[in-house]
Amino acid sequence: MAKASVVVPEQVGAAAVAAQVGCPCPGTTLFPYPPPRAGIAVRRKCLQAAQQLELGAGLRGGWVESMRASSPTHAKAAAALAAGVDEEHAAWMARHPSALGEFEKVVAASKGKQIVMFLDYDGTLSPIVDDPDAAFMSETMRMAVRSVAKHFPTAIVSGRCRDKVFEFVKLAELYYAGSHGMDIKGPAKPSSSSRHAAKSPPPKGVLFQPASEFLPMIEQVHQRLEQATSSIPGAKVENNKFCVSVHFRCVDEKSWGALAETVRRVVREFPRLRLSQGRMVFEVRPTIKWDKGKALEFLLDSLGFADCSDVLPVYIGDDRTDEDAFKVLRRRGQGVGILVSKHPKETSASFSLQEPAEVMEFLLRLVEWKRLSRARLRL
Ligand SMILES: O=P(O)(O)OC[C@H]1O[C@H](O[C@H]2O[C@H](CO)[C@@H](O)[C@H](O)[C@H]2O)[C@H](O)[C@@H](O)[C@@H]1O
């Protein structure tokens, strides 16, 4: 991307004005979204394989390569084979600096704006574990999210079924967008942020379910996938209400090709469903044009921030599906996209954090910064 309005990380603080050139909303800050560099050749190959998979054009080898890429261990090993790993990592970090290291710049960008927080769940608030039913969030993380929600409207945006992610997070004052944003619900209980931060009164109850008509089809494909994969040890099919996940984290790598073919064969029976891939998981979902990025925009609109320049959406996520949200921020020229990853990845996010522990540190620093700035205002 060669837009005049793109700023490099070192310029973020001083470049708010320059960043407005070509920016859709006057007064919004554009964060750096540089193009991927050639150094990430291995990952690019894997990404291409993933795209092929999504298009249904991949060969068996391409699928397995893409499946390997979704495993940090495999990806690390692959990257280690390439020369100059450290150099590549340093170059990547220069383009996607730590949101903790650049904290002052991030908060400077929120001057005069309302921060709205969007948080992915798996791999962002909870560490990745083998058993998807055991992806618990720590009590300290829960307290951090609760504190954030006291100051800023906060939404959980997850691939999981909304009820399930709520069972993990257990905070009634948040917005929840489950099934990759296809199931959006307002807070069950008002928080102090909803009283003073949102421009519109916080909407209650179910707000949007763009894929309701797909419910019977999702139920059907879920059953078909369970049947078809039952002979592959370790494969796990998860019904996420408006989409289905097929996990291969516990499947022997020798069987990955067979699993990919099985999943693809079943999905082909349902032309209105599509297949994509997350972290060691296949995602089956409706072909409708709705994703985490659209959910982010829907929530901003619901909060009364449609076409506003005085809002700073902050989105933190670790997975390919979170890229849709990072791209929306990039397109709007507004907000902060933070990728959670220890390893270089192609991303449209502008900043990075290594793991959930760093996400928690970032959230707590944000709360502390908000408290201090309020205290300063009272003086
Ligand atoms: O959007 P998210 O909240 O990140 O959800 C994406 C998928 O997350 C879960 O799977 C991932 O986490 C599991 C537990 O750590 C891990 O075992 C799995 O390999 C990961 O892909 C969830 O189970 C899926 O349904 C979500 O789609």
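This one's a predicted model, so the numbers in the text were calculated from it and none came from an experiment. Note that the numbering runs from 1 along the sequence shown for the chain.
- The aromatic rings of F248 and W256 sit perpendicular, their planes meeting at an angle over 60°, well past the 30° parallel limit.
- Without hydrogens or angle criteria, S179 side chain to G181 main chain gives no donor-acceptor distance under 3.5 Å.
- Taken to the nearest 0.5 Å, the OG atom of S276 stands 9.0 Å off from the CG atom of D319.
- E261 has no carboxylate O lying under 4.0 Å from a charged side-chain N of R264, or vice versa, which leaves the two without a salt bridge.
- Counting heavy atoms from C-beta outward, L207 and K185 have side chains that stay 4.5 Å or more apart.
- Judged by distance alone, the side chains of R160 and H180 never bring a donor and an acceptor atom under 3.5 Å apart.
- Distance alone, capped at 3.5 Å, places no donor-acceptor pair between the W92 side chain and the H343 backbone.
- The structure places CG of L339 at 10.0 Å from OG of S348, a figure rounded to the nearest 0.5 Å.
- Using a 4.0 Å cut-off between charged side-chain N and carboxylate O, K236 and D133 make a salt bridge.
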Steps toward side-chain hydrogen bond (donor to acceptor under 3.5 Å, both in side chains) verdict (N240, E283): CA-CA 10 Å; N240 284 329; E283 308 276 13; 4.8 Å; no
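- Remark: the backbone N or O of V281 is not paired with any side-chain donor or acceptor of S245 at under 3.5 angstrom.
- Following chains of ILVMFWY side-chain contacts shorter than 4.5 Å, one cannot reach L171 starting from V206, and the two form parts of different hydrophobic clusters.
- R142 places a side-chain N or O within donor-acceptor distance of the main-chain N or O of F168, the cut-off being under 3.5 Å.
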Stepwise side chain to side chain contact (heavy atoms under 4.5 Å, CB included) test for T321 and D291: CA-CA 8 Å; T321 56; D291 53 36; over 6 Å; no
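- Remark: the E226 side chain and the N239 side chain contain no N/O donor-acceptor pair separated by less than 3.5 Å.
- Expressed to the nearest 0.5 Å, how far NZ of K113 lies from NZ of K111 amounts to 10.0 Å.
- Looking at heavy atoms from C-beta onward, R365 lies out of side-chain contact with V107 at the 4.5 angstrom threshold.
- Ring-plane geometry between W290 and F298 is classed as perpendicular, the angle between the planes exceeding 60 degrees on a 0 to 90 degree scale with a lower cut at 30.
- Between E297 and R331, at least one side-chain nitrogen of the basic residue sits less than 4.0 Å from a carboxylate oxygen of the acidic one, meeting the salt-bridge criterion.
- Here the options are E355, E358, Q354, the test is side-chain hydrogen bond (donor to acceptor under 3.5 Å, both in side chains), and the partner is K342; only E355 passes.
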Residues E368, R371; criterion salt bridge (Lys or Arg N to Asp or Glu O under 4.0 Å); working and verdict: CA-CA 5 Å; E368 195 48 27; R371 270 200 208 115; 3.1 Å; yes
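- To the nearest 0.5 angstrom, D120 atom CG is 8.5 Å from I156 atom CD1.
- Here R320 does not pair with E323 in a salt bridge; the nearest charged N to carboxylate O distance is not below 4.0 Å.
- A cation-pi arrangement is absent between R162 and Y176 under the rule of less than 6.0 angstrom and at most 45 degrees off the ring axis.
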Check against side chain to side chain contact (heavy atoms under 4.5 Å, CB included), Q114 and L312: CA-CA 6 Å; Q114 174 61 52; L312 189 81; over 6 Å; no
Chi angles and distances behind the side chain to side chain contact (heavy atoms under 4.5 Å, CB included) call for V367, H151: CA-CA 7 Å; V367 169; H151 299 286; 3.9 Å; yes
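- In this structure, the side chains of R285 and V244 stay at 4.5 Å or more apart for every pair of heavy atoms.
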Salt bridge (Lys or Arg N to Asp or Glu O under 4.0 Å) between E102 and K105, worked out: CA-CA 5 Å; E102 302 289 305; K105 289 175 183 168; 3.0 Å; yes
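- Neither I128 nor V165 shares a network with the other; the hydrophobic side chains, linked directly or stepwise wherever heavy atoms of I, L, V, M, F, W or Y lie under 4.5 Å apart, form separate groups for each.
- Linking ILVMFWY residues whenever their side-chain heavy atoms come closer than 4.5 Å, directly or via other members, leaves Y121 and V129 in distinct clusters.
- The backbone N or O of C308 sits less than 3.5 Å from a side-chain atom of Q334, completing a donor-acceptor pair.
- Listed by chain and residue number, D322 satisfy the side chain to side chain donor-acceptor pair (under 3.5 Å) test with Y315 (two or more places apart in sequence, or in another chain).
- Proximity of D131 to C250: side-chain heavy atoms (C-beta onward) are nowhere separated by under 4.5 Å.
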Full working for side chain to side chain contact (heavy atoms under 4.5 Å, CB included) between F118 and L300: CA-CA 10 Å; F118 296 90; L300 285 178; 4.0 Å; yes
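- The main-chain N or O of S66 is found under 3.5 Å from a side-chain atom of Q277 such that the two form a donor-acceptor pair.
- Using a 4.5 Å cut-off on side-chain heavy atoms (C-beta onward), R279 and D318 make contact.
- Of the inter-residue distances, the one linking S350 atom OG with I338 atom CD1 reads 7.0 Å to the nearest 0.5 angstrom.
- Under the 4.0 Å criterion applied to side-chain N and carboxylate O atoms, K294 and D324 are not assigned as salt-bridge partners.
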Step-by-step salt bridge (Lys or Arg N to Asp or Glu O under 4.0 Å) determination, R272 to E213: CA-CA 11 Å; R272 294 186 70 208; E213 60 167 309; 3.3 Å; yes
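- A salt bridge links K164 with E238; the closest basic N to acidic carboxylate O contact falls under 4.0 Å.
- V284 is connected to L215 through a chain of hydrophobic side-chain contacts under 4.5 Å among Ile, Leu, Val, Met, Phe, Trp and Tyr, so both are in one cluster.
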Pair F242-F214, ring pair (Phe, Tyr, Trp, His ring centres under 6.0 Å): steps then yes or no: CA-CA 7 Å; F242 294 105; F214 287 87; 9.0 Å; no
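- Partner of L296 under the side-chain contact (heavy atoms from CB on, under 4.5 Å) criterion, chosen from L329, D301, V157: L329.
- In this structure, S255 contributes its side chain and A258 its backbone to no donor-acceptor pair below 3.5 Å.
- In this structure, NZ on K241 lies 5.0 Å from CG on D183, to the nearest 0.5 angstrom.
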